[in-house]
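Down below is the structure, laid out as structure tokens.
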Amino acid sequence: MVDPANTSLGKMLLEEITPVVMVLCTPLVEESCLKNGLSFVQMLSPFCDFTNIDVPVRTASDQPYRLHKFKFRLFYASDIRQPNLEVAKERLKQVITKAGEDDFPEIYSDLPQVNDLLSRHESEILPTWFQFFNKELVRTLSFSDHEAFDHPVACLLVVSSRDEEPINRFIDLFNTNKLPSFLSDGAMDPKVLKHYLLVHDNQDGDSEKATKILTEMRSTFGPNDCQLLCINFSQDGQTRHKDTPWSTFRSDALATEHLGRFLKLDDLNEIKNLMQELSSKHIIPYMEQKIRLLNQQVSSTRKGFRNQFKNLWWRKGKEDALDTTNGPVYTFSSIESQIRVLGDYAFMLRDYELAVSSYRLISTDYKLDKAWKRYAGVQEMIGLTYFMLDQSRKEAEYCMENAFNTYLKLGSAVQQNATRCGLWWIEMLKTRNQIKEAATVYFRICGEDLLHSAVMLEQASFCYLLSKPPMLHKYGFHLVLSGDHYKKCDQIKHAIRTYRNAVSVYRGTTWNLIKDRVHFHIGQWYASLGMYDVAVTHMLEILASSHQSKTSQELFLRDFLHIVQKTGKTFEVLKLQLPVINISSLKVIFEDHRTYASPAAASIKEGVWRSLEEDMIPSLFAKSNWLDVQSKLIPRKYKESNICVAGEAIIVDIEFKNPLQIPISILNVSLICELSANPEELNSEANSSNVEPQNDEYKTSTSTGDINSSLVLSEVDFSLEGGETILVQLTVTPRVEGILTIVGVKWKLSSSVVGLHNFESNSVNKRIAKGRRKPKHSPSADLKFIVIKSLPRLQGFIPSLPEKTYAGDLRHLVLELNNQSKFPVKNLKMKISNPRFLNAGNQSYLNVEFSACLEKKLNVEQSVGHANAKKMLQNVFHFPEDISVQEETSLSWPLWFHAAVPGNISLYITVYYEMENVSSIMKFRTLRMHYNLQVLPSLDVSFELSPCPSRLEEFLLRMDVVNKTSSECFQIHQLSSVGQQWDVSLLQPVDSILPSQSLFAGQVLSCFFMLKYHRKSSTSEDSNPLFLQSDVRLGPPGNSEALFDVCSSPLADFHDYERLYQGMSCQGNVDFVFITQLWRGNIDSGAPHRPLLFSHHVCHCSLSSFSPISWFVDGPRTIQHNFSASPCGVNLKMTINNSSDAASSVHVKTFDPPSSNSQSIDATASQSGLPLENQVGWFSIPAVNDTKVITTDALAKRITKSVSLESAPQFIWTGSSSTKLKLQPRATAEVPLQICVFAPGIYDLSNYALNWNLAPIEESQGEANKSSGECQGYPYYLTVVQST
């Protein structure tokens, strides 16, 4: 357990509650002492504190104890009075002001960190002047009339040996009117201990005279109460004291090394012995005697049951007295004053048991007398005495709180008493680790005096910091309150210090409003002191306060610019937050061997271009990575750096955001770059032409240098509305070879504020390929470039490529390639990401007239177009070898565009070209082009094929067209089947279906065609396939417009791509091309007097679902016969066709009908297992001369509707019931059939089945889905009539 005397409160009590010795001295004594820069009291005061003394003490008890520490205080008689309140306040103000001046240099240091504060000891955290201020605040209550420990216990009379009649001077000193009022108004017993001291100054001669005077003094005043003190033994006044004992007793500006310059060590020892003898032989014995005397008086009058009862009876009538602050007046001879003196003397001699008993005895008297101030004072001393006894902790705290509350009830007249009580109470709570409770007492101490309240609030804040766990929010809150009080008292430096400490609390938290307030006021206060640089630092913290109101933001920005303007300098602020830079949006776009035709092309991910260009490199490196090829062409020392070309701009895209609600203007936005003019010394930084930017938070400059002529930097000015974000594009163009580094970006917020932001290399999003992984890659290399000499650079564009069109649009375009350099390029290649929409044409199409070049010409072989289509299906288009782009010339090349499907389409085009003898680093370059198209729906075209039941290898074709546009009108032109095996013809004129030949918005058109298969003759080699009608003109009759050739480029090319994208080709499929025109529309046609041409390609209309074996039965439909003579015999013929490329075996089996009177169509339907409503497709019609049966899966199950017969005689098959035959590929055979009819009626001759098997072939890929099958007979109705 810690000794209470060793605690902070114990030390304070042992220092402040000590005996007082009144000093009366003559002017000559002061004159001798002032030679050392000290008064008499100042000279002796350091030697009045004894830390190693051993004096026996016996007070009221018979058991003595020993004092090892003792101190008394020296005061001039003129100073023993209650201090003036206004003077005391001014004194405290000076203490606070001086502390602010002493601590102010620390505000230039870094802001304190909370974690650092928590790791330190309490003594390192608290300002050193707090303790001194608290002591001065306690001393403002010195020499109170209701407390005896400030009453002098002795009087020291001092006369100089130079004084005339020294004996009379001693007598006159005590009898003058300069004595304290305590002695004259009866508050203090004037009979005090007197001690007589003669001071001799050795500068005035030897001490012989002083010795004679001392002898005379002892004979007059007694031998024990007189002493001689000789001082100033040093003759030259050059004595220097290393550890001067008077430094704490002088508050003026006199240098401490000049204090005591005439006092030698012997002088100091003599003074020390004098003070020790005075305390141990005079003061302490006198106090012992006084305590014993007072104790006897108190015991005889107040102690014991009888005396206590008498006292209560005597004070009974005082309960009705009015409350006053001081209560009744008590003279020194009153028993109450004597008890108080007894308690105070016992406390100063550390007889705490006697002291507490005395205080408790008098406490009741004061309470009954309603002497509340004296009552509060006694309660205060009871609490302190319990603390020094280390007993009754709760009782001690209760007494302190009772005293504190009593003082507060008495009002402002005793506010200082409440403050002193609160300070002692706080120290008591701190000693017992009740830190949080101590903070609340600090808060209660705060009164009307703002300056005192500021100090108390600051001390309360540190209590919250030191509590367990730390209460950081309250710590910061009380610091802010304290700072506000300091500011109201014009203590700006203290206000800044407290606010700076508060910053450490709110930094990194979400308490943004109070954090902004703290920084704003710190900035204003620094500016008021003329410290504009530091003020700007704090104002920068609140510029980007997006959470503040619009009014606050305007105030912050206006004050910031005003402070900056006062400096008269230009501030370069690193990472200025106005505007805010979105570093994640940073994109660096540059061109090495990869060049871009537009910013849109540069914004595409590198992986897209890489996949497109991977097979465009020379065939020598076809098996290598395309970046490896580039690295082989680059010297070793350049491999780890980016490469750019002199004269070509490097583009940096970055977002600027205004975090405020108010508009701001940003001027002169440009990049910060460094360029070294020597590219050969890559590893040397000494050759850099610029200095790296400093790492300071900001730097100032008064002038700007000239722009380096080797760099061209763009500057951008823009305005940002509240909350607006803008993407700014900045460029730097190196003019010479060297090493270029992009350091950051700078801008001007005003004429005096320049914002700087350095780019971190790991946040750069480069829009070029980084290539293979680079081990040990330097972080700065992302923004470092090797600038090589100028190279040829092609510029390319497609002038008439539409941004918006309809599906099916077919156009003739031209690719323009310009070479602005002085070097030619050669070996051009081109690759298009989506050849379904765009591909290169033949050079012969460059100057042709569209759409005449697409018309069908009878004298041109169709195979030419087909060969070109195969060429176009290659991945890379190679320009002719003799084609090159010479210096400062251009090249035009035809392109074909077809809007294949609706949607948002992205086209990526890469042009590869080589340069000869220009650079050893770069042998080739690529031009990247990107276009975005919006393709709108136009016509929805669909086809449906159904076999014709009455013809072999003929199909009915139904075309459905829906106009899905909202306002366009399309003119139908032609329908073509792709291939030489199909003949398309109309079943009815188009004008009967669509008289206007125009399909309006939302209109639906359905047309029927006949599609017939034509087999090539193996013997007729001279047959011309062009004679086959594969195209159908859909215009009005007599229309002379030419048909378009779908078998030649570009229609054949696009059709090949459509076949590729719409599915795999297989045998038995047929493709169609539907062509329309649009004269006027919402899209640009490119030629105002020519219609737009639209081609719609429908591929892979499957015929494979039909059986490869087809047949029909031929014979009579109606017969008249006389059944009375004989049964009727009927001869039939079945023709069987094999349409496959494989040999087939066919087995025909006939079945006699069941014994029934009729053959019902319902019975047949029930056998098929399908409901009538599900029977779709072609149906046979009775009474037709011939019937074609095509066996399909549907026909095998299909039920045809027939007339219900009430009765029908039976018939039988009389010919062969089973016939087998072999059919060669693409061959036809006939099988004879015969029936015998026994009665008139209508007969269904479908009671037969046909089984077939295809022989496998080695090259059979894409054959029919089935290699065998069984088909039921097709209904054949025969009517037999009885002849007359």
Side-chain angles (χ1 to χ4, degrees), residues 89-113 127-130 132-133 253 449-455 457-459 461 476 478-507 514-543 545 552 554-574 576 696-702 749-753:
K89 287 184 177 180
E90 185 63 27
R91 167 63 180 165
L92 292 174
K93 183 178 180 180
Q94 293 177 2
V95 171
I96 296 174
T97 303
K98 183 178 183 301
E101 296 290 342
D102 294 340
D103 293 344
F104 194 66
E106 297 180 0
I107 64 177
Y108 288 99
S109 60
D110 295 335
L111 291 173
Q113 302 293 328
T128 56
W129 61 272
F130 276 176
F132 180 72
F133 172 82
D449 192 309
L450 293 178
L451 188 56
H452 294 180
S453 298
V455 180
L457 287 171
E458 185 178 3
Q459 295 188 70
S461 67
H478 282 75
L479 283 174
V480 173
L481 287 179
S482 175
D484 290 341
H485 284 67
Y486 279 130
K487 175 61 175 60
K488 292 177 182 178
C489 299
D490 294 328
Q491 297 288 337
I492 305 298
K493 295 179 180 179
H494 279 294
I496 291 175
R497 180 178 52 79
T498 55
Y499 266 54
R500 277 170 51 90
N501 290 335
V503 170
S504 64
V505 178
Y506 301 112
R507 178 185 296 156
I514 189 171
K515 180 169 56 178
D516 292 346
R517 181 182 185 275
V518 169
H519 280 294
F520 176 66
H521 285 298
I522 293 177
Q524 284 188 322
W525 296 339
Y526 272 125
S528 66
L529 297 177
M531 304 174 64
Y532 300 110
D533 293 357
V534 190
V536 168
T537 303
H538 287 276
M539 295 299 290
L540 286 172
E541 297 291 335
I542 60 174
L543 279 187
S545 300
S552 299
E554 291 175 347
L555 175 64
F556 292 168
L557 182 59
R558 182 175 65 251
D559 284 9
F560 169 73
L561 297 178
H562 181 67
I563 292 173
V564 171
Q565 186 178 5
K566 284 185 176 181
T567 63
K569 300 181 294 185
T570 298
F571 279 82
E572 293 186 354
V573 184
L574 186 62
L576 178 64
D696 298 337
E697 186 174 355
Y698 66 88
K699 56 182 180 179
T700 60
S701 62
T702 57
L749 182 61
S750 68
S751 59
S752 302
V753 181

Can you tell me how far NE2 of H478 sits from CD of Q459, rounded to the nearest 0.5 angstrom? 12.5 Å

Kindly indicate whether the side chain of F571, heavy atoms from C-beta on, has any atom under 4.5 Å from the side chain of L540. no

Look at the side chain of S453 and the backbone N and O of D449, then say whether any donor-acceptor pair between them is shorter than 3.5 Å. yes

For C489 and L450, the nearest pair of non-hydrogen atoms, with its separation, is SG-CB, 3.5 Å

Compare all side-chain heavy atoms of D533 with those of K569 and state whether any distance is below 4.5 angstrom. yes

A side-chain contact here means heavy atoms from C-beta on lying under 4.5 Å apart; do K493 and L529 qualify? yes

CD1 of I492 to CG of D490, rounded to nearest 0.5 Å, is 6.0 Å

Mind checking side-chain hydrogen bond (donor to acceptor under 3.5 Å, both in side chains) for D484 and listing every partner two or more places apart, or none if nothing turns up? Y499, R517

How many angstroms lie between OG in S750 and CG in L557, if you round to the nearest 0.5 Å? 8.5 Å

Atom pair CG/CG of L543 and D559 - distance to nearest 0.5 Å: 10.5 Å

Would you say the side chain of Y532 lies within less than 4.5 Å of the side chain of M539, judging by non-hydrogen atoms? no

Is there a donor-acceptor pair under 3.5 Å between the side chain of S504 and the backbone N or O of R500? no

Could you check if a side-chain atom of S752 sits within less than 4.5 angstrom of a side-chain atom of T567, using non-hydrogen atoms only? no

side-chain contact (heavy atoms from CB on, under 4.5 Å) filter on D516, not counting sequence neighbours, yields I542, S545, H547, Q548, F556

Stepwise side-chain contact (heavy atoms from CB on, under 4.5 Å) test for T537 and Y526: CA-CA 10 Å; T537 303; Y526 272 125; over 6 Å; no

Rounded distance (nearest 0.5 Å) linking atom CD of Q491 with atom CG of L451: 5.5 Å

Checking side chain to side chain donor-acceptor pair (under 3.5 Å) against H519, which of H538, R507, E541 comes through? H538

Rounded distance [0.5 Å steps], CZ in F133 versus OG1 in T128: 14.0 Å

Would you indicate whether E554, at its atom CD, is surrounded by more than 12 heavy atoms from other residues, nucleotides or ligands within a distance under 6.0 Å? yes

When you measure from the side chain of T97 to the backbone N and O of Q94, does any donor-acceptor pair fall under 3.5 Å? no

With Y486 via side-chain hydrogen bond (donor to acceptor under 3.5 Å, both in side chains) - residues at least two apart: E458

If you compare all heavy atoms of A454 against all heavy atoms of H485, which two are closest, and at what distance to 0.1 Å? CB-CB, 3.4 Å

